[in-house]
Amino acid sequence: MPSDLAAVASLSSVSKRMGTTLALDDLSLGIRPGEVTALLGPNGAGKTTAVGVLTGRLLPDAGTADLFGLDPRRPVARARMGVMLQSASLPDVLTVRETIALQSGYFMEARKIDDTLALAGLGELADRRGGALSGGQSRRLQFALAICGRPDLLILDEPTTGLDAEARRGLWTTVRDTADDGAAVLLTTHYLEEAEALADRVVVIAEGRIVADGTTAEIRASTAGATIRCRTGLPEPALLGLPQVRRASRSGGEARILSGDAVATVRALLERDGACSDLRIEAASLEDALSTLTDKTLKEAA
Ligand SMILES: Nc1ncnc2c1ncn2[C@@H]1O[C@H](COP(=O)(O)OP(=O)(O)OP(=O)(O)O)[C@@H](O)[C@H]1O
């Protein structure tokens, strides 16, 4: 449920250079309680860097980061946060239960170990040693470590990469429940279905800047358009030349056209190819909306 409460963590006009790349460019973002915020963007957009600054792992070159009103490097602020990064080393020799018990010991109000095991889908693996876990099972253990302390802020960097469909759905349920219980959740993801299923709010970034911020429906509407599919003999450049076309691709005999005005595009398409068949028009998907948004940024920057 979206909240009007003040942000528990925020970046204010943060810029951060990583090597030669300006990974964050004057970026401001607040994460609110009771809300799942999804950070979406293409590879290299700056998502992990934003998480790094928010969690105190990276220092901003300019601007400020704030975690529960404190510097994110302060242990007292970090104690209220659960984090699952893209990679983490887990103890090889401890069992899953022992690793969770060790981490839970740092928190005053940790969940019961059996509850954490169940929430992360690890009940049957409780006695397996860390070194014997598969990739997906290790991800589940990292998730367990992020949630075991009942954090007020849960940060998940691409949490479901490598998880099977059942584990992914289980994680979504726990993440949703965590936000419904009042915690703030920030997750980065490449999976649009994940943002659609989970997020109250989607923040799209490209080249270190925010290019859209709203619900998934708002983001789709902000690039209002339609996807046209049909069988046509027209080559890609001819499709791109039709009125209002933002992008076009062909696969086999089928063309897929993203248009800002489906009627104008289809009218011209039928004029140019009378043999066009199997014509279907759908509302643009979130994926189409995102590529339009991030493409636009790249073009404006060029
Ligand atoms: N340690 C580093 N040294 C040099 N450049 C870096 C470093 N870390 C990140 N970068 C660059 O900073 C930019 C932002 O990277 P970041 O990892 O934040 O992107 P991302 O949105 O998380 O990408 P992905 O979706 O691929 O995980 C990229 O161009 C990346 O190459």
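Read the numbers this way: they start at 1 and go in the same order the structure lists the ligands and their atoms. Keep in mind that the numbers below use all heavy atoms, side chains included, and drop hydrogens, waters and symmetry copies. All of these numbers come straight from a predicted model, not from anything done at the bench.
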(request) Tell me which protein heavy atom sits closest to atom 31 (O) of ligand 1, plus the residue, atom name and distance to 0.1 Å. (result) Thr21 OG1, 4.7 Å
(message) Within the structure, is a non-hydrogen atom of Gly46 found at a distance of less than 4.0 Å from ligand 1?
(response) yes
(request) Please report which non-hydrogen protein atom sits nearest to atom 25 (O) of ligand 1, along with the residue it belongs to and the distance in Å to one decimal place. (result) Lys47 NZ, 2.7 Å
(message) I'd like to check which ligand 1 atoms, numbered from 1 as shown, lie under 4.0 Å from a non-hydrogen atom of Ala23.
(response) 12 (O), 13 (C), 14 (C)
(message) Could you tell me, atom by atom, which parts of ligand 1 come under 4.0 Å of a heavy atom of Gln86?
(response) 27 (O)
(message) I need the contact type for Asn43 against ligand 1. Using non-hydrogen atoms and a strict under-4.0 Å cut-off, is it side chain, backbone, both or neither?
(response) both
(request) Could you find the nearest protein heavy atom to atom 17 (O) of ligand 1 and give me its residue, atom name and distance? (result) Thr48 CB, 3.6 Å
(message) Taking side-chain hydrogen bond (donor to acceptor under 3.5 Å, both in side chains) as the definition, give me every residue that meets it alongside Arg97, ordered by chain and number, with sequence neighbours left out.
(response) Asp114
(message) Closer than 3.5 angstrom, by distance alone: can the side chain of Asp213 be matched with the main-chain N or O of Val203 as a donor-acceptor pair?
(response) no
(message) Let's go through Asp127 and Thr95 carefully: what are the C-alpha distance in whole Å and the side-chain angles of both, what is the deciding distance for side chain to side chain donor-acceptor pair (under 3.5 Å) to 0.1 Å, and is it a yes or a no?
(response) CA-CA 5 Å; Asp127 298 319; Thr95 65; 5.1 Å; no
(message) Give me the nearest non-hydrogen protein atom to atom 3 (N) of ligand 1 as residue plus atom name, then the distance to 0.1 Å.
(response) Gly19 N, 4.0 Å
(message) Quick check on Arg267: does its CZ atom have over 12 non-hydrogen neighbours (other residues, nucleotides or ligands) under 6.0 Å away?
(response) no
(request) Could you find the nearest protein heavy atom to atom 16 (P) of ligand 1 and give me its residue, atom name and distance? (result) Thr49 OG1, 3.6 Å
(request) Say whether Gln142 and Arg139, considering side chains only, have a donor N or O and an acceptor N or O under 3.5 Å apart. (result) yes
(message) Is there a continuous path of hydrophobic side-chain contacts, each under 4.5 Å between heavy atoms, that joins Trp172 to Val175?
(response) yes
(request) Check for a donor-acceptor pair, side chain of Arg231 on one end and backbone N or O of Gly252 on the other, with a separation under 3.5 Å. (result) no
(request) Can you pull out the closest protein heavy atom to atom 23 (O) of ligand 1? Residue, atom name and distance to 0.1 Å, please. (result) Gly44 N, 2.8 Å
(request) Run down the list Met18, Glu207, His190 and name the one with the heavy atom closest to atom 8 (N) of ligand 1. (result) Met18
(request) Nearest 0.5 Å please: distance from the CD atom of Glu282 over to the CG atom of Leu258. (result) 11.0 Å
(message) Closer than 4.0 Å to some heavy atom of Glu158 - which atoms of ligand 1 meet that?
(response) 25 (O), 27 (O)
(request) With heavy atoms of Ala45 as the reference, note each atom of ligand 1 found under 4.0 Å away. (result) 19 (O), 20 (P), 21 (O)
(message) Applying a strict under-4.5 Å side-chain criterion to I, L, V, M, F, W and Y, I'd like to know whether Leu29 and Val53 cluster together.
(response) yes
